[in-house]
Amino acid sequence: MADLFPSRDAQIGDDQGVSADQSLAARLAEAEAMQRPLRVKLGIDPTGADIHLGHSLLFRKLRAFQDAGHTAVLIIGDFTARIGDPTGKSATRVQLTVEEVEANASTYLAQLGQGQDPQRALLDFHTPGRLEVRRNSEWLAHLDLPRVIELLGISTVSQMLAKEDFAKRYGSGIPISLHEFLYPLLQGYDSVQVQADVELGGTDQKFNVAMGRDLQRHFGQRPQFGLLLPILPGLDGVQKMSKSLGNTVGLREDPLSMYSKLEKVPDAAVNDYLTLLTDLELARLPANPRERQKAMALEVTRLRHGEAAARQAQADAASLVAGAAGMGAAEADVPEASLAAVRFPAKAFYLLSAMGLCASSSEARRQIQGGGVRLDGEKLADPNREFSCASELEGKVLQLGRKIFRRLVQQI
RNA sequence: GGGUCGGUGCCCGAGUGGUUAAUGGGGGCGGACUGUAAAUCCGCUGGCUCUGCCUACGUUGGUUCAAAUCCAACCCGGCCCA
């Protein structure tokens, strides 16, 4: 099947290890010579509401192509999202409704910087000719059966079963629905429809990207160049960053929470974060692992929220920790939380659940009994402790575990 | 379509009539320690403004004083055969 650009630190213009006529460098040179920008495809499935850092390196790369004068073809997989990408899932994904997909798609675009300051935005939405946003329902929703059969004829069952996820599931007796075989084909068909020259994806997308090449060849197009980027490890430092694993940092998170999460990334993953998410040079960073974590967290937060906000987040994070250690209430900008939803008199455990800080009141009760809840630095020991009115709590800082701090206010 | 095995809490997986919110492991959360982490140790891990009351073992109905456990039908899945 396809020969793809395998390099971990692939840059535009690199051409290591790939035969000449297929190398990215050759394509770039060709584009230059013919004054024709490359069409660089990146597909995203709007299956969740938030874009996280794991996605953002793809967008950074896409932006680099844009800045080099090429056309980013951003495909919103509004149709394929309703099938569910089997990639990396050990179970069939839930299918989403049209409404959910639409809502997600619009938050995605907002997070990518639509309508924002082009300097801060992740993608260039402004320069004419640099961005094309397409929804794949545009062509997929109306595929007729003969065309579907044609697509199905391009691949084989054993090719599909060669795909790791399918093989694993098949081997362990976990169901694979037939429609899941369609996913790689449809995603590949996207490449045909937009006439992609290059497709960006994580290394886990290799199969799908390669399928795109097969389909393009079948339809008489020149196969796209696949540029596969490394997968960012999640906050656990082991598995890939993924919403379903709960190990993500969302682009929409406030600076403090972004910074606090990042400075806890396991040592082993810190260098990956630095290489994949920032332009800092490893050699110039402190060798001390703790210092390096901080530098990484600061830089990643800065890229998203700007210098001032990042510095503030770092300072706040530090003083919150100090506060937790018994140094008194922090001066920091603690996110505020409204007491509006709480009906007084309120017992302590109910307070936490009513404010949404704990998933349930039983959960809140456990947290308190476990000694994980503090009010203005003082441990709350009794889950039944009763507060009679909101003003009794106004302005106090509620701490849940070591990470969550909320300043209580009556209204937002 | 036939045969067969199976569906238990976030996941895996015990339990086969009665101290049962259901052994154990993983994961998660909290506490101690530390670098905020890892490792280690300890605790918690259905819901509810909770000294009690609800809801739970695929679904529905049945037997019983009593059911995750027995019966029936149905739904879903694996494997083998067609």
Side-chain angles (χ1 to χ4, degrees), chain A residues 89-92 94 166 168-178 180 233-239 242-249 256-273 286-298 301 313-327 330 332 339 341-374 377-390 393 398-405:
Chain A
K89 305 290 178 233
S90 33
T92 310
V94 206
F166 287 142
K168 225 183 264 170
R169 279 207 265 160
Y170 190 64
S172 43
I174 297 166
I176 301 171
S177 296
L178 279 177
E180 293 182 72
L235 293 173
D236 52 28
V238 181
Q239 293 182 277
S242 151
K243 180 106 183 179
S244 55
L245 296 171
N247 59 3
T248 61
V249 180
L256 179 58
S257 108
M258 183 176 268
Y259 180 89
S260 323
K261 284 183 179 183
L262 287 168
E263 70 161 359
K264 292 188 179 73
V265 166
D267 293 351
V270 169
N271 283 351
D272 284 334
Y273 275 62
N288 176 297
R290 180 68 186 129
E291 291 308 311
R292 190 170 273 229
Q293 270 180 327
K294 285 185 179 174
M296 181 277 288
L298 183 65
T301 308
Q314 184 172 54
D316 289 351
S319 67
L320 283 174
V321 170
M327 309 278 288
L339 292 166
V342 181
R343 291 209 310 271
F344 288 88
K347 290 187 177 171
F349 71 90
Y350 160 73
L351 179 74
L352 291 171
S353 77
M355 291 178 55
L357 293 175
C358 286
S360 68
S361 64
S362 301
E363 166 71 19
R365 185 174 279 275
R366 274 179 233 124
Q367 295 286 6
I368 294 168
Q369 279 164 345
V373 179
R374 290 163 186 270
E378 187 183 335
K379 191 170 281 186
L380 256 178
D382 178 12
N384 291 318
R385 164 137 177 225
E386 202 165 276
F387 301 97
S388 54
C389 59
L393 291 163
L398 188 64
Q399 179 189 359
L400 181 61
R402 292 195 219 181
K403 297 166 208 153
I404 301 173
F405 295 83

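Chain letters run A, B, ... following the sequence lines, proteins first and then strands; every chain starts at 1.
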### Task
Could you check Y259(A) against N384(A) and say which one's nearest nucleotide on RNA chain B is further toward the 5' end?
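By nearest-heavy-atom nucleotide position, the 5'-most residue is Y259(A).
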Reckon [X] touches a base, only the sugar-phosphate, or nothing at all at heavy-atom distances under 4.0 Å?
| X | answer |
| --- | --- |
| K294(A) | base |
| P345(A) | base |
| S360(A) | sugar-phosphate |
| N288(A) | nothing |
| E386(A) | nothing |

Looking at [X] and [Y], would you say the former's side chain and the latter's main chain have a donor-acceptor pair under 3.5 Å?
| X | Y | value |
| --- | --- | --- |
| Y273(A) | P233(A) | yes |
| Q314(A) | D316(A) | no |
| K261(A) | T248(A) | yes |

Given [options], which nucleotide is nearest the side-chain atoms of [X]?
| X | options | result |
| --- | --- | --- |
| P175(A) | G78(B), C79(B), C50(B) | G78(B) |
| D267(A) | A37(B), G77(B), G31(B) | A37(B) |
| P289(A) | A32(B), U49(B), G35(B) | G35(B) |
| Q367(A) | U49(B), C29(B), G35(B) | C29(B) |

[N] phosphate, OP1 or OP2, under 4.0 Å from [X] side-chain N/O:
| X | N | result |
| --- | --- | --- |
| S362(A) | G46(B) | no |
| R402(A) | A37(B) | yes |
| R366(A) | G47(B) | yes |

Rounded to the nearest angstrom, tell me the gap between atom [atom1] in [X] and atom [atom2] in [N].
| X | N | atom1 | atom2 | value |
| --- | --- | --- | --- | --- |
| K347(A) | C48(B) | NZ | P | 14 Å |
| L400(A) | G31(B) | CG | P | 9 Å |
| Q399(A) | G30(B) | CD | C1' | 12 Å |

### 4.5 Å side-chain heavy-atom contact, N271(A) and R292(A)
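Side chain of N271(A) against side chain of R292(A), heavy atoms only: contact under 4.5 Å found.
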